[in-house]
> 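Next up is a structure, given as structure tokens.
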Amino acid sequence: MRPPHLSALRRFTTSAVSHHENPLGLPHSSSGPKFFPRAQHAPPKPRRLPGISKIIAVSSAKGGVGKSTLAVNLSLSLARQGRRTGLLDTDIFGPSVPRLLNLSEAGEPRLTNKGRLVPMENYGVKSMSIGYLVGEEKAVVWRGLMVMKALQQLLHEVEWGELDVLVLDLPPGTGDVQLSVVQQVVVDGAVIVSTPQDIALIDAVKGVNMFKKVDVPILGMVQNMSVFTCPNCSHTTHIFGSEGVARECQKHELELLGDIPLDASICEDADRGKPTVVARDGPLTDAYNSIAWKVIGKLWG
């Protein structure tokens, strides 16, 4: 014979499971269950990075529109205008800066006596990227916490020295990385890159609204891959449309900082690790330099 208390427990459990509305046998309450919210913590206050005068973010919120190429050429143009310039590649999963600056085979960055990363340097621009640490062909298969830890180290554990401007090459999207950047460091302005195509502009506008929401000033937009000129017959074709970025600039009261054509030499220069600004003189370099001058004017008045 079972002890009375065990028989009672079995009857209680069986009865509880047979009723779908309350399968765990919890006591009924007319007011329903009470949920207590987690303690609300204030977001971290963004701070200035030591020795760095200005920080700008280059964003597209969409991949494949030439954002990293623009970020690198803009950095090189700023350096050519006499600004001490650094470039931080914040794209953990798809870093492009090592290849663009011809530093893929340069080895890992050195560490200071205090364990801080020493930036790599080429063409007069200091740079840091997760690509210097994991190798060009190695996939970064990390969950969010690892990504955030790596980003924090890239933001706060690099020995930049004295810089007039640090350019942040942001990854596509408007998620964790972008939010973490603007919460941790003071970003003085954002440059939004897009092709004129409507499908790219949908995401670019999301980027615009993201920066407005987090109170980061938007310096303007850059229209990339705007027009293709045939090298044989000189006929021009607007492959991705012609006025899309200008239309969005007018709609959102932003300045169109520049218009970069679709030119095979930009791609060739990028692939061989000698960006257009240092590879050649002419209209393409002039276009990047013009954007740099407008950025300087907005940052330093």
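Sequential numbering from 1 along the given sequence is applied to the chain's residues. Remember, predicted model here, so these are calculated numbers, not experimental data.
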> If we ignore hydrogens and angles and just use 3.5 Å, is the side chain of Thr195 paired with the main-chain N or O of Val65 as donor and acceptor?
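A pair under 3.5 Å: no.
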> What distance separates Ser68 OG from Leu100 CG, expressed to the nearest 0.5 Å?
6.5 Å
> Which residues satisfy the side chain to side chain contact (heavy atoms under 4.5 Å, CB included) test with Lys213, sequence neighbours excluded?
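Expected list: none.
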> Please set out all donor-acceptor pairs under 3.5 angstrom arising from side-chain atoms of residues 52-59, sequence neighbours excluded.
none

> May I ask you to list the residues sharing a hydrophobic cluster with Val118, side-chain cutoff 4.5 Å, ordered by chain and number?
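Result for Val118 is none, singleton.
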> Mind checking whether Thr85 and Leu163 have side chains closer than 4.5 Å, heavy atoms only?
no
> Does Asp164 have any salt bridge (Lys or Arg N to Asp or Glu O under 4.0 Å) partners at least two apart in sequence or in another chain, and if so, which?
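Result, salt bridge (Lys or Arg N to Asp or Glu O under 4.0 Å) vs Asp164: Arg84.
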> Assess whether side-chain contact (heavy atoms from CB on, under 4.5 Å) is satisfied between Thr69 and Tyr288, documenting all intermediate values.
CA-CA 11 Å; Thr69 301; Tyr288 288 118; 4.2 Å; yes
> Examine distances only and state if a side-chain atom of Ser180 and a backbone atom of Asp176 form a donor-acceptor pair shorter than 3.5 Å.
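Present.
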> Show, in sequence, the C-alpha distance, side-chain angles and deciding distance for Met210 and Leu179, and conclude whether the side-chain contact (heavy atoms from CB on, under 4.5 Å) test is met.
CA-CA 9 Å; Met210 175 192 70; Leu179 184 60; over 6 Å; no
> Taking distance alone, no hydrogens or angles, what donor-acceptor pairs closer than 3.5 Å link side-chain atoms of residues 143-159 to residues at least two apart or in another chain?
residue, atom, partner, partner atom, Å
His156, ND1, Arg47, NH2, 3.1
His156, NE2, Gln184, OE1, 2.8
Glu159, OE1, Arg116, NE, 2.8

> Hey, could you give me the CG/OG distance between Asn224 and Ser194, rounded to the nearest 0.5 Å?
9.0 Å
> In Å, rounded to the nearest 0.5 Å, how long is the span from CG of Leu87 to CG of Leu166?
7.5 Å
> For residues Leu201 and Gln223, determine if any side-chain heavy atom of one lies less than 4.5 Å from a side-chain heavy atom of the other.
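With C-beta onward as the side chain, the pair stays apart.
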> For Arg80, check salt bridge (Lys or Arg N to Asp or Glu O under 4.0 Å) against everything at least two apart and list the hits.
none
> Any heavy-atom pair between the side chains of Pro119 and Trp160 that's under 4.5 Å?
yes
> If hydrophobic residues (ILVMFWY) are linked whenever their side-chain heavy atoms come closer than 4.5 Å, directly or via other members, who joins Ile202 in its cluster?
Ile199
> Test of understanding: with salt bridge (Lys or Arg N to Asp or Glu O under 4.0 Å), list the residues that count as partners of Asp89, not counting sequence neighbours.
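By the salt bridge (Lys or Arg N to Asp or Glu O under 4.0 Å) rule, Asp89 matches no residue at all.
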> Taking a hydrophobic cluster as the set of Ile, Leu, Val, Met, Phe, Trp and Tyr residues connected by side-chain heavy atoms closer than 4.5 Å, whether directly or through intermediates, do Val214 and Val181 fall within one such cluster?
yes
> Quick check: do Pro46 and Val186 have side-chain heavy atoms less than 4.5 Å from each other?
yes
> Please answer whether the main-chain N or O of Gly173 pairs with a side-chain N or O of Gln178 as donor and acceptor at a distance below 3.5 Å.
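The answer is yes, because a donor-acceptor pair under 3.5 Å joins these two groups.
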> Which residues satisfy the side chain to side chain contact (heavy atoms under 4.5 Å, CB included) test with Pro172, sequence neighbours excluded?
Asp91
> Would you mind writing out the side-chain donor-acceptor pairs for residues 292-301 within the sub-3.5 Å range, not counting sequence neighbours?
residue, atom, partner, partner atom, Å
Trp293, NE1, Gln81, OE1, 3.2
Lys294, NZ, Leu257, O, 3.1
Lys298, NZ, Glu255, OE1, 2.9

> To the closest 0.5 Å, what do you measure between CG (Asn122) and CG (Leu101)?
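With rounding to 0.5 Å, CG (Asn122) is 6.5 Å from CG (Leu101).
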> Report all side-chain donor-acceptor pairs from residues 265-278 shorter than 3.5 Å, counting only partners two or more places apart or in another chain.
residue, atom, partner, partner atom, Å
Ser265, OG, Asp263, OD1, 2.6
Asp269, OD1, Arg272, NH2, 3.3
Asp269, OD1, Arg280, NH2, 2.8
Asp269, OD2, Thr276, OG1, 2.9
Asp269, OD2, Arg280, NE, 2.9
Asp269, OD2, Arg280, NH2, 3.3

> Which distance, rounded to the nearest 0.5 Å, do you find between the OH of Tyr123 and the CG of Asn73?
11.0 Å
> Kindly work out whether a path of hydrophobic side-chain contacts (I/L/V/M/F/W/Y, heavy atoms less than 4.5 Å apart) joins Leu254 to Val191.
yes
> Do Tyr132 and Leu117 come close enough that some side-chain heavy atom pair is under 4.5 Å?
no
> Rounded to the nearest 0.5 Å, how far apart are CG of Leu219 and CD1 of Ile192?
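Rounded to the nearest 0.5 Å, the CG-CD1 separation comes to 9.0 Å.
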> Using the salt bridge (Lys or Arg N to Asp or Glu O under 4.0 Å) criterion, which residues pair with Lys126? Sequence neighbours excluded.
none
> Would a 4.5 Å heavy-atom cut-off, applied to side chains only, mark Ile260 and Met225 as touching?
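A side-chain contact is absent here, since even the closest heavy-atom pair is not under 4.5 Å.
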> Hey, does Asp198 have a side-chain heavy atom less than 4.5 Å from the side chain of Arg247?
yes
> Is there a side-chain contact between Ser77 and Ile291 in this structure, where contact means two heavy atoms from C-beta onward sitting under 4.5 Å apart?
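A side-chain contact under 4.5 Å is absent here.
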